[in-house]
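Below is one structure, written out as structure tokens, with a few remarks after it.
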Amino acid sequence: MRASHTTQATTMHWEAFAAFAALQLLFALTPGPAVLFTVAHGMRSGWGASLKAGLGIQFGNGIYFTLSALGLGALLSTSETLFHAVKWVGAAYLMYLGFKAIRDARANAAPRGDAPVPVTQRPFAQGVLTQLANPKSVLFFGALMPQFVDPAAPLLPQYLLFGAICFVTEMPVLAVYGWVAAQGRRLAASERVAVWRERISGALLMGVGASLAAIRRAT
């Protein structure tokens, strides 16, 4: 009887992992703030910068996994004050980055044409902050993901596997989006086109900020 219960629990465990993987892949394939953010960096500074941005987003996911494992994720997802604070800080930060890119478009595009933008962008750090400031991430890791966790089983292996699933499903998608954006960037070598490339990437960043600002907390 005990063996039967163990087999059933194991089967349910892997079914939960499979369902989580399918849900995460669906979220990854749907263009959202993470995709727009990596595309913007791919257009501005090439595939390498977009990969760093994507890795920053994954690091932000890791922080939320840790908070969820510690039980703090539920607090973040249920606190209306924290939800709105995260939303508006993140939106303001990305709107500032987008505005700065548009404002400095001519100066950034003029010196090197197709060369990377000669300014320090810190795409990894920006990716971390962008993901941490995304209210949907708060809800996903604080409220939705814990529903897939089996409280009767060891928690650490489950969270590690969920983290691996999240990385394996989302990072390749972000890498492809960033690569496509970088290829388009390579075709825009003239200074005039580079100026518009900078403006478009800035508009994308502002669009990410606007999308965060538009998110409403479910009641």
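Counting begins at 1 with the first residue of the sequence.
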Notebook entry, point to check: Same cluster or not: are Met171 and Leu160 linked, directly or through other Ile, Leu, Val, Met, Phe, Trp or Tyr residues, by side-chain heavy atoms under 4.5 angstrom apart?
Noted result: no
Can you check whether [X] reaches [Y] side chain to side chain, under 4.5 Å on heavy atoms?
X	Y	result
Ile63	Gln131	no
Tyr159	Thr66	no
Thr169	Val173	no

Minimum-distance pair of heavy atoms, taken over all atoms of [X] and [Y]:
X	Y	answer
Ala182	Gly46	CB-C, 3.8 Å
Phe20	Phe162	CD2-CD2, 3.4 Å
Tyr177	Leu29	OH-O, 3.5 Å
Ser50	Gly178	OG-CA, 3.5 Å
Leu132	Tyr64	O-OH, 2.5 Å
Ala53	Phe37	CB-CE2, 3.6 Å

In Å and rounded to the nearest 0.5 Å, what is the [atom1] to [atom2] distance from [X] to [Y]?
X	Y	atom1	atom2	result
Gln158	Leu161	CD	CG	8.5 Å
Phe124	His41	CZ	NE2	12.5 Å
Cys166	Phe27	SG	CZ	11.0 Å
Leu174	Gln58	CG	CD	6.0 Å

Next item on the list: Evaluate the side-chain contact (heavy atoms from CB on, under 4.5 Å) criterion for residues Leu51 and Trp179: first the C-alpha distance (whole Å), next the side-chain angles of each, then the deciding distance (0.1 Å), finally the verdict.
Entry: CA-CA 9 Å; Leu51 285 178; Trp179 181 82; over 6 Å; no
Notebook entry, point to check: Would you find a donor on one side and an acceptor on the other, under 3.5 Å apart, between the side chain of Thr130 and the backbone of Gln126?
Noted result: yes
Check: For the side chain of Trp47 and the backbone of Ala175, is there at least one donor-acceptor N/O pair under 3.5 Å apart?
Finding: yes
Note to self: If you count every heavy atom of other residues, nucleotides or ligands that lies below 6.0 Å from Phe65 atom CZ, does the total exceed 12?
What the structure shows: yes
Next item on the list: Check the pair Ile57 / Thr38 against side-chain contact (heavy atoms from CB on, under 4.5 Å), numbers first and verdict last.
Entry: CA-CA 9 Å; Ile57 289 170; Thr38 54; 4.1 Å; yes
Margin query: Apply side-chain contact (heavy atoms from CB on, under 4.5 Å) to residues Glu170 and Leu25 and explain how you reach the verdict.
Written below: CA-CA 7 Å; Glu170 186 175 22; Leu25 181 60; over 6 Å; no
